[in-house]
Amino acid sequence: MPPQVDLLRHPPRLPLIAPSILSADFARMGDECRGVLDMGADLLHLDVMDGHFVPNLTMGPALCASLRAALPDAYLDVHLMVNDPAKFVVPFARAGANCFTFHVEVMPSEGVGALAEQIRGTGMEVGLAINPPTPVDRIRPHLSMPDMVLVMSVNPGFSGQSFIAETLDKTRAIRAGLRPDQRLQMDGGISPSNAAAVRAAGCDVLVSASALFGQPVEKRRDIIRGLAGDGR
Ligand code: DX5
Ligand code: ZN
């Protein structure tokens with residue numbers, strides 16, 4: 001079965017739970033991913049880092065292609081924490097990614113729309129991300145464009161950091177400027193203990209790495225339910 005390629009625009013349920021595979025066991029990646037999808041997660045979040053935009057190196061199109069082959073029906077959401085996202089649009093489209101998110105901080109304002117069109121032209125959905133220190137005004141002119149806005153709730157680079165609660169104000173402000181068919185994702189430091197506040201601020205796609213993959217397999221279904229706030 002192919003993935004639902006318009007999952008963000010036409011979600012069958014909300015919120016969507018997006019495990020970030022950055023905290024999974026890389027030697028058992030297929031099993032780790034299959035496990036969380038079977039337990040009620042909606043998509044997989046792949047954190048791509050270049051060692052320049054953020055001080056870490058993680059994964060690239062090859063891992064995305066392997067996951068696409070192993071999990072043909074999974075929706076793959078790639079989060080590009082890189083200085084030059086345009087260079088990777090075609091490689092990730094060919095690797096089977098379904099959504100391509102880039103950071104507003106790395107683009108001149110006049111380049112954001114063109115990159116979004118390039119992404120959409122490959123058949124992927126479009127995400128636009130904003131870091132904690134970046135003012136909402138930087139993203140406001142572009143809010144009508146993406147299928148999803150990603151509000152970072154940690155400074156990107158590593159999983160396992162503490163949630164920055166002040167970013168909830170930014171989430172509320174951005175939600176007020178989005179249409180109902182646009183998704184709002186938060187990423188960083190999210191666990192069942194703060195998920196209700198994250199959802200209440202208007203977020204409908206919750207990313208979680210360490211709070212989920214850092215726990216034993218038998219606890220993960222309850223963690224996914226705690227993130228979602230429903231009985232899935
Ligand atoms: C942060 C990444 C996140 C991260 C989340 O740089 O973009 O997706 O892996 O990890 P946790 O949930 O552990 O904060
Ligand atoms: Zn991420």
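Atoms within a ligand are numbered from 1 in the order they appear, just like the ligands themselves.
Of the protein's non-hydrogen atoms, Ser210 OG, 2.6 Å is the one closest to atom 13 (O) of ligand 1. In terms of protein heavy-atom proximity, atom 5 (C) of ligand 1 is nearest to Asp187 OD1, 3.5 Å. Summary of contacts: the protein heavy atom closest to atom 12 (O) of ligand 1 is Ala209 N, 2.9 Å. Shortest contact from atom 6 (O) of ligand 1 to any protein heavy atom: Gly157 N, 2.7 Å.
Residue-ligand proximity, Gly188 to ligand 1, at heavy-atom distances under 4.0 Å covers atoms 14 (O). Every atom of ligand 1 with a heavy atom of Met49 under 4.0 Å away is listed here by number and element: 6 (O).
The closest heavy-atom contact to atom 2 (C) of ligand 1, among the options Asp47, Val154, Asn131, comes from Asp47.
At least one heavy atom of Gly189 lies less than 4.0 angstrom from ligand 1.
Centred on the Zn ion (ligand 2), the ND1 atom of His79 and the NE2 atom of His45 lie at an angle of 100°, reported to 10°.
The closest side-chain donor-acceptor pair between Ser20 and Asp47 falls under 3.5 angstrom.
Taking the six-membered ring where tryptophan is involved, the planes of His103 and Phe53 are tilted, since the angle between them lies from 30° to 60°.
Only the side chain of Ser20 comes within 4.0 Å of ligand 1, counting heavy atoms alone; its backbone N, CA, C and O stay farther away.
Here Ile17 contributes atom CD1 and Leu43 contributes atom CG; the two are 9.0 Å apart, rounded to the nearest 0.5 Å.
Ile139 is connected to Leu115 through a chain of hydrophobic side-chain contacts under 4.5 Å among Ile, Leu, Val, Met, Phe, Trp and Tyr, so both are in one cluster.
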